[in-house]
Amino acid sequence: QVRLVESGGGLVQAGGSLNISCAAFGRTFTSEVMAWFRQAPGEKREFVASIRGNSGITFYSDSLKDRFTISRDSAANMVFLEMIDLRPEDTAKYYCAAADIYLPLNYYTAREGNYKNWGQGTQVTVSS
């Protein structure tokens, strides 16, 4: 059984930084795309960033690419999200996702319907 477990969320002041992690269990995701999404209260879940397995090619939401960095350690079966200059509007639950299928275009990696495996999320709260 595949499990994705996020960690590292918490409360941070505006302008601060936070790193969150996701560990995969039950299966290795060496070549598959892994991604981060987030969902604020009352809002739809939105794409944050994705990273391909073998190539390490990354893809970001345009509005976040200057402040967020996704990375992965395939040997450890983990994916990370570094967030800097955090703002109150970044407050959300952040979810890790891993795909089971090949996603040939970056556009596809931003669609949550293309991910079968999801974590339970980690809460990030940014105070003003």
Side-chain angles (χ1 to χ4, degrees):
Q1 182 179 357
V2 175
R3 282 191 308 128
L4 301 179
V5 181
E6 301 94 338
S7 61
L11 176 64
V12 62
Q13 287 190 328
S17 303
L18 198 64
N19 295 330
I20 58 177
S21 304
C22 170
F25 301 94
R27 176 186 162 177
T28 56
F29 291 96
T30 306
S31 58
E32 292 84 352
V33 174
M34 295 187 76
W36 288 98
F37 288 76
R38 70 183 186 181
Q39 187 169 21
E43 302 289 332
K44 285 185 172 181
R45 190 150 55 184
E46 66 169 336
F47 171 74
V48 174
S50 64
I51 184 166
R52 296 187 178 275
N54 294 327
S55 66
I57 292 174
T58 57
F59 182 60
Y60 293 91
S61 165
D62 281 344
S63 63
L64 300 175
K65 62 184 178 182
D66 293 334
R67 300 186 294 118
F68 289 16
T69 302
I70 189 171
S71 60
R72 70 190 288 169
D73 182 340
S74 293
N77 223 19
M78 294 186 72
V79 64
F80 309 96
L81 187 68
E82 178 187 1
M83 303 177 286
I84 65 171
D85 190 24
L86 283 161
R87 304 165 184 172
E89 54 264 38
D90 294 318
T91 294
K93 184 167 267 193
Y94 285 70
Y95 295 90
C96 172
D100 273 349
I101 59 174
Y102 175 63
L103 302 176
L105 298 176
N106 285 337
Y107 167 76
Y108 295 138
T109 73
R111 303 190 70 175
E112 64 175 290
N114 287 328
Y115 294 89
K116 179 182 176 182
N117 306 290
W118 291 87
Q120 294 299 307
T122 186
Q123 178 67 35
V124 173
T125 302
V126 184
S127 63
S128 57

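- To the nearest 0.5 Å, atoms OG1 (Thr91) and CD (Gln123) are separated by 7.0 Å.
- With a 4.5 Å cut-off on side-chain heavy atoms, Asp100 and Arg27 count as touching.
- In this structure, Tyr95 is not a member of the same hydrophobic cluster as Val48, with clusters built from ILVMFWY side-chain heavy atoms closer than 4.5 Å.
- Atom CD of Gln120 sits in a sparse spot, with 12 or fewer heavy atoms from other residues, nucleotides or ligands closer than 6.0 Å.
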- request: Give the intermediate values and the outcome of side-chain contact (heavy atoms from CB on, under 4.5 Å) for residues Phe29 and Asn117.
  value: CA-CA 11 Å; Phe29 291 96; Asn117 306 290; 3.7 Å; yes
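- Ala99 approaches Tyr115 most closely through the heavy-atom pair N-CD2, 3.5 Å.
- Residues Asp90 and Leu64 form a side-chain contact, since some pair of their non-hydrogen atoms from C-beta on lies under 4.5 Å apart.
- Counting all heavy atoms, side chain and backbone alike, Val12 lies closest to Ser17 at CG2-O, 3.8 Å.
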- request: Would you please test Trp118 and Glu6 for side-chain contact (heavy atoms from CB on, under 4.5 Å) and show each step?
  value: CA-CA 10 Å; Trp118 291 87; Glu6 301 94 338; over 6 Å; no
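- The OG atom of Ser50 sits 13.5 Å away from the CZ atom of Arg111 when rounded to the nearest 0.5 Å.
- Counting only distance, with no hydrogens or angles, the side chain of Arg52 and the backbone of Phe59 share no donor-acceptor pair below 3.5 Å.
- The minimum heavy-atom distance between Leu86 and Met83, with the atom names listed, is CD2-CB, 3.7 Å.
- Taken to the nearest 0.5 Å, the OH atom of Tyr60 stands 9.0 Å off from the CZ atom of Phe47.
- In the hydrophobic clustering of this structure, Met34 groups with Ile20; members are Ile, Leu, Val, Met, Phe, Trp, Tyr whose side-chain heavy atoms approach within less than 4.5 Å, directly or through other members.
- Rounded to the nearest 0.5 angstrom, Arg45 CZ and Arg38 CZ are separated by 13.5 Å.
- Of all heavy-atom pairs spanning Ala110 and Phe37, the tightest one is O-CE2, 3.7 Å.
- Hydrophobic clustering (side-chain heavy atoms under 4.5 Å, transitive across Ile, Leu, Val, Met, Phe, Trp, Tyr) keeps Tyr102 apart from Leu105.
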task: Kindly indicate, with the supporting measurements, whether the criterion side-chain contact (heavy atoms from CB on, under 4.5 Å) is fulfilled by Asn19 and Phe80.
output: CA-CA 7 Å; Asn19 295 330; Phe80 309 96; over 6 Å; no
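- Between Glu32 and Lys116 there is no salt bridge, since no side-chain N of the basic residue sits under 4.0 Å from a carboxylate O of the acidic one.
- For Thr28, the side chain to side chain contact (heavy atoms under 4.5 Å, CB included) partners two or more places apart in sequence, or in a different chain, are Thr30, Asn77.
- Sorted by first and then second residue, the disulfide bond (SG atoms under 2.5 Å apart) pairs involving residues 47-76 (not counting sequence neighbours) form an empty list.
- Atom-to-atom distance recorded for Leu81:CG and Trp36:CH2 is 6.0 Å, nearest 0.5 angstrom.
- A pairwise comparison of heavy atoms in Leu11 and Ser127 identifies CD1-CB, 4.2 Å as the closest pair.
- Within the 4.5 Å cutoff, no side-chain heavy atoms of Thr109 are placed close to those of Asn114.
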field: Audit row: Asp85, Phe68, side-chain contact (heavy atoms from CB on, under 4.5 Å) steps and yes/no
entry: CA-CA 9 Å; Asp85 190 24; Phe68 289 16; over 6 Å; no
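- Screening residues 44-104 for disulfide bond (SG atoms under 2.5 Å apart), with sequence neighbours left out, gives Cys22-Cys96.
- Scanning all heavy atoms of the two residues, the minimum distance from Gly10 to Leu18 falls at N-CD2, 3.9 Å.
- Ile57 and Ile51 end up in different hydrophobic clusters when Ile, Leu, Val, Met, Phe, Trp and Tyr side chains are linked at under 4.5 Å.
- Note: Ser21 OG to Tyr94 OH = 14.5 Å, rounded to the nearest 0.5 Å.
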